[in-house]
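Input: a single structure, listed below in C-alpha cells.
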Amino acid sequence: MWEESYGGHSDSKPNGPTAVAMDFTFAGLDNVYGIPQHADTFSLKDTSTTDPYRLYNLDVFEYELWNPMALYASIPFMMGHSAKGSVGLFWLNAAEGFIDIKKDGQGLLGSVSSMFSAKTEKQVDTFWMFESGIMDMFIMMGPTPKDISRQYGSLTGNTPLPQEFAIAYHQCRWNYNDQEDVNMVEAKFDEHDIPMDVMWLDIEHTDGKKYFTWDTRKFPDSVAMIENLSSHGRKLVTIVDPHIKKDSGYWVHNDLSSKGLYVKNQDGGDYEGWCWPGASYYPDFLNAEARDYFAEQYKLSVYKGSTLDCYTWNDMNEPSVFNGPEVTMAKDKMHGEVEHRDMHNMYGMVYTMATHKGHLIRSENTLRPFVLTRSAYAGSQRYAAIWTGDNTAEWGHLEASIPMCLSLSIAGMGFCGADIGGFFGNPDGELFVRWYQAAAFQPFFRSHAHIDTKRREPWLYSAGEMALIRTAVRSRYALLPLWYTLFYEQEQDGTPPMRPLWYEFPEDEGSYAKEGSHMVGSSLLVAPVLTKGSTQVNVYFPGSTLWYDIWSHQKLDVSGSINYAAPYEKIPVFQRGGTIIPRRERVRRSAALMHDDPITLVVAPDKEGKASGTLYLDDGKSFAYQQGAKLYMQFTWDNGKMESKMISPAGMSTPVWLERVLVLGSAPPPGQVATVSSPSGTSSAQASYDYTTQVLTVRRPGVKLDMEWTIRV
C-alpha cells in the first residue's frame, strides 16, 4: 500500500515511510567539518537557504562544485572545533541521510533570550535525518583534534600502514591500449627520468568486461608485462568492479548464481541491472559467503595472468546501476533479510572487505594489500584508499581537491587524493603543472583521465612543462621517508597525514575557516597555486613560530596572512620551526630502488634553537613490523647538539645511514668539524656553512640508523 513510483522506477516500501532524526547543537563554536563526501568548502556551510548536505552514495557524472549534493562516499561523522577544544559526533547509520546546518552564531533559544538580555554564546545547530535505522550515536569529547582522531579510530579503525609503493606516484588512464602501450609508457618515464611506481589498467583490459580476465589479444602475456614492471621495482593495478556480467560462459556469474549469492528482488529472484558489461548482477557482499567467494578469486591459480605485484582498484561500487534510480540500486532490493535502503552507503565498503581479504589470501598473509575504492563508509579506511571520483580539468576542481581530502582525512579516510589534471577534459600545461605540484603533497598521488581525453603523459607537454612536472614528482619521492613515517603514525593513533592548519594550531582562530592550504604532518605548511595565471599566493601562517621556505631555506618570522611569491616553477611549502624532516635525495626510478638509500635530515629550529622529528623504517611491504621488525626513532636538535633515540626497541638492522644534516637559519658554527658519537665509537664529520642561505651542513656523519647516536657541532 506504500509503493511509490517516480521517473519510471518504483519503491515498494514494505515497511512504509520511515525516518529517524535528531538535533545536535555544537555549543561555543562557529565551525563544523566532515560528513564527507561533498565537493564543498572544508568548513561546512550554513544550509538555512539551500539544500541540506546529503549522504547517499551515487555514481555522479561531472559533479558540481561548492554544492551539498551526494557523491560517492558517505561518512556520518562531524567534528566541531574552537579555541576551547574539539568535539566529534558519529551516527552509525548507512541509510540515506540529510544534514542541515545553521551557523548564525546563536540557536533558537539564544535568539529569543537575546531580545531580553546580553547575547548568548555562539553555537552551530545541526539537524540529522536518515530514512531508516536506529539512534546509535557516539560523541567524542577530545579535547584536542588529535584526540578526536584517536577516539574515532578506536570506534571505526585506523588506516593500516600501506606498502611503500602505494604512497609513491601512480600513472593511470581509461585505458592503456595494450601490453605494448604499457611497456612504452613505463619506458618513457625512465627515458625522461621521472619516477613512477604503478601502472594502472581500466575496464578495457578485460575479456568483455568480465573481471579477473584479460583480453588476450591486447595483453597476450600479462605475466611478462607485470614482471617487466617488477624488475624495475614497479607494480600493476587492475580494475575489478562489483557488477558481474550476465554470461553463461563466465565462471564467476555461474558460481554466484548457483550459490544464491546475488542481491535479490522482493520476490526472491536475482536482481538484474545494467552496467559496463550490459546486463549485470550484483553480489550480496553483506553476506560473508559472497565476500569469501570473491576473495578466493584473487588467488593466482584463479586470477590467471596476475602476480603478487598486481593490485586492485574497486570502482563503480556505490553501487552504480545505469538503469537504476539515480544510477544506483533500488532501495527495496534484499540482502538476505536486510533491505538495501538500510545498508546502501556501506555496500562499497563490504565489497572492499572482500578484495582486501583476497589480497591477504593470495600472499598467505605476508604482503600488505593495496586497494583503491571510489565508494566508502565509516570504517572503509581499514581496507582501501580513496580518491575524489570523476573530477574535471578545471581550476575549481583543483581547488576543491583540498577541502575534499581534508574532509575525508578527519573522517578517518586519511589515504586520499584526486585525479591529477581532472578525469574529464583536457588540462592545459599550466593547470597540469600546478595540479602535479599540489598533488605531490596529498596522500594518494595519481594521474588519471577519461577514455575520450587526449593522452596526457608528462612528455606530451612542452619540454619546460615536463621539467616542472618532473620536479614536482621528484619532490614527492624525496619526501617519501616523511610520508611513510606519517602513515605509520596514522595507524598508531588515527591522526591523518594531511591535516587542516588548526589540527596543529588549535588555538589559532584565524585558521578555522581558512581554505586552500593544509599541513603535511606537523611539519609542512602547503599553499598551492589554485588560480590560473597566479604567481603569488596569499598564505596564512598560523601560530607565532618560525617558518622556513623548503626550496630557498629562507627563514620567516611571520604570523597571519602574507602574499608570497609562487613563480611557475614553485609551490609555496614551508617547514615549521621546531621540526626535523627526513628526506632521500637520491631520487631513483621507483620507491623500491630507494628503499636502502641514505637519509638527509633537515632541521628547522624554533625561536629557542630547538627541533624534533621522527623517522620510521621497516621492510616496506610485509607484516613483519607488527612482530617488531621495525625501527622507530626520534631526532632532537638543541642549539648545536643532535641526538637520535629509539622510541621503541630496535627490531631489525638496516643498511640505511645518515648522509647529511642540514640546519636551517643557523648561526655560523664555531669550527668546521662535527663530533659523531655512537656505539661504534667516536668520529668526526665535515661541517660547513653557507652565509647566503644561513644553512649549516654536516656531511657524511656515517652513522647507521639502527642505532642511537649524538652529533655535536
Could you tell me if the side chain of D549 sits less than 4.5 Å from the side chain of K570, heavy atoms only? yes

To the nearest 0.5 Å, how far apart are CG in N391 and OG in S401? 8.0 Å

Quick one, V603 and M642 - any side-chain contact, counting heavy atoms below 4.5 Å? yes

Return yes if some donor-acceptor pair links the side-chain N/O of W551 with the main-chain N/O of I571 below 3.5 Å, else return no. yes

Do any N or O atoms from the side chain of Q536 and from the backbone of A565 form a donor-acceptor pair under 3.5 angstrom? no

Evaluate the criterion side chain to side chain contact (heavy atoms under 4.5 Å, CB included) for residue pair M79 and V32; output intermediate values, then yes/no. CA-CA 6 Å; M79 185 186 296; V32 290; over 6 Å; no

Kindly indicate, with the supporting measurements, whether the criterion side chain to side chain contact (heavy atoms under 4.5 Å, CB included) is fulfilled by F635 and L615. CA-CA 8 Å; F635 307 111; L615 174 64; 3.5 Å; yes

Heavy-atom count around K704 NZ within 6.0 Å, excluding the residue itself: above 12? yes

Is there a side chain to side chain donor-acceptor pair (under 3.5 Å) between Y564 and N538 once you walk through the steps? CA-CA 6 Å; Y564 201 82; N538 186 263; over 6 Å; no

How about Y632 and Y625: does a side-chain donor come under 3.5 Å of a side-chain acceptor? no

Measure from the ring center of Y33 to the ring center of H81 and say whether it is less than 6.0 Å. no

Could you tell me whether R586 and D597 make a salt bridge, using a distance below 4.0 angstrom between a side-chain N and a carboxylate O? no

Just so I know, are the side chains of P458 and Y436 near enough to count as touching, which here means a heavy-atom distance under 4.5 Å? yes

Give a yes or no on whether the backbone of D508 and the side-chain of S511 come within a donor-acceptor separation of less than 3.5 Å. yes

For E504, is there an ion pair with R576 - N to carboxylate O distance below 4.0 angstrom? yes

Flag yes if more than 12 heavy atoms outside E585 fall under 6.0 Å of its CD atom; otherwise flag no. yes

If we ignore hydrogens and angles and just use 3.5 Å, is the side chain of T697 paired with the main-chain N or O of R699 as donor and acceptor? no

Verify side chain to side chain contact (heavy atoms under 4.5 Å, CB included) between T675 and S684, making sure each step is shown before the conclusion. CA-CA 5 Å; T675 302; S684 61; 5.8 Å; no

Check the pair F574 / Y548 against ring pair (Phe, Tyr, Trp, His ring centres under 6.0 Å), numbers first and verdict last. CA-CA 5 Å; F574 308 91; Y548 300 81; over 10 Å; no

From I550 atom CD1 to S475 atom OG, the distance as rounded to the nearest 0.5 Å: 7.0 Å

Please tell me whether T654 and D706 have a donor and an acceptor in their side chains that are separated by less than 3.5 angstrom. no

Do L486 and R499 make a side-chain contact, defined as non-hydrogen atoms from C-beta onward lying under 4.5 Å apart? yes

May I ask you to test the V713-V698 pair for a side-chain heavy-atom distance under 4.5 Å? yes

In this structure, CD of Q381 is separated from CG of L408 (nearest 0.5 Å) by 10.5 Å

Relative to the ring of F432, is the ring of Y461 parallel (under 30°), tilted (30 to 60°) or perpendicular (over 60°)? parallel

Are H595 and E164 linked by a side-chain donor-acceptor pair shorter than 3.5 Å? yes

Using a strict 4.0 Å threshold on nitrogen-to-oxygen distance, state whether R474 and D193 make a salt bridge. yes

Taking 4.0 angstrom as the limit, do K621 and D619 come out as a salt bridge? no

Go through the steps to decide whether Y488 and D618 satisfy the test side chain to side chain contact (heavy atoms under 4.5 Å, CB included), and finish with yes or no. CA-CA 10 Å; Y488 172 74; D618 63 16; 5.9 Å; no

Can you find a pair of side-chain heavy atoms, one from Q694 and one from L664, that are under 4.5 Å apart? no

For T388 and Q37, does a side-chain donor sit closer than 3.5 Å to a side-chain acceptor? no

Spatial distance of atom CZ (R700) from atom CG (L658) [nearest 0.5 Å]: 11.0 Å

Flag, side chain of E515 to backbone of F42, donor-acceptor distance under 3.5 Å: yes

I'd like to know if the side chain of R583 reaches the main chain of L601, judged simply by a donor and an acceptor atom lying under 3.5 Å from each other, with no hydrogens or angles considered. no

Can Y503 and T495 be said to form a side chain to side chain donor-acceptor pair (under 3.5 Å), step by step? CA-CA 9 Å; Y503 249 54; T495 305; over 6 Å; no

Carboxylate-amine/guanidinium proximity below 4.0 Å for R234 and D190: yes

Taking only residues two or more places apart in sequence, or in another chain, which ones meet K532 in a salt bridge (charged side-chain N to carboxylate O under 4.0 Å, His left out)? D428, E430

Rounded to the nearest 0.5 Å, how far apart are OH of Y484 and OH of Y616? 5.5 Å

Indicate yes or no: at least one non-hydrogen side-chain atom of F370 is less than 4.5 angstrom from one of F415. yes

Return the set of residues passing salt bridge (charged side-chain N to carboxylate O under 4.0 Å, His left out) with D197 (not counting sequence neighbours), or none when no residue passes. none

Is the CE atom of M141 crowded by more than 12 outside heavy atoms at less than 6.0 Å? no

With distance as the sole test, does E659 use its side chain to make a donor-acceptor pair with the main-chain N or O of P701 at under 3.5 Å? no

Are any of the side-chain nitrogens in D638 or K641 under 4.0 Å away from the carboxylate oxygens of its partner? no

Donor-acceptor pair, distance only, cut-off 3.5 Å: does the side chain of Q151 make one with the backbone of G142? yes

Do T485 and E489 get their side chains close enough for a donor-acceptor pair, meaning under 3.5 Å? no

Between S666 and V663 (side chain of the first, backbone of the second, donor and acceptor by atom type, cut-off under 3.5 Å), is there such a pair? no

Would you give the length of the straight line joining atom CD1 of I599 to atom CZ of R584, rounded to the nearest 0.5 angstrom? 4.0 Å

For atom NZ of K84, is the number of surrounding heavy atoms from other residues, nucleotides or ligands below 6.0 Å larger than 12? no

Compute the ring centroids of H170 and F444, then answer whether they are less than 6.0 Å apart. yes

How about CD on Q492, more than 12 heavy atoms from neighbouring residues, nucleotides or ligands closer than 6.0 Å, or not? yes

Is the closest side-chain heavy-atom distance between P528 and I402 below 4.5 Å? yes

May I ask you to decide if R368's main-chain N or O and Q163's side chain share a donor-acceptor pair within less than 3.5 Å? yes

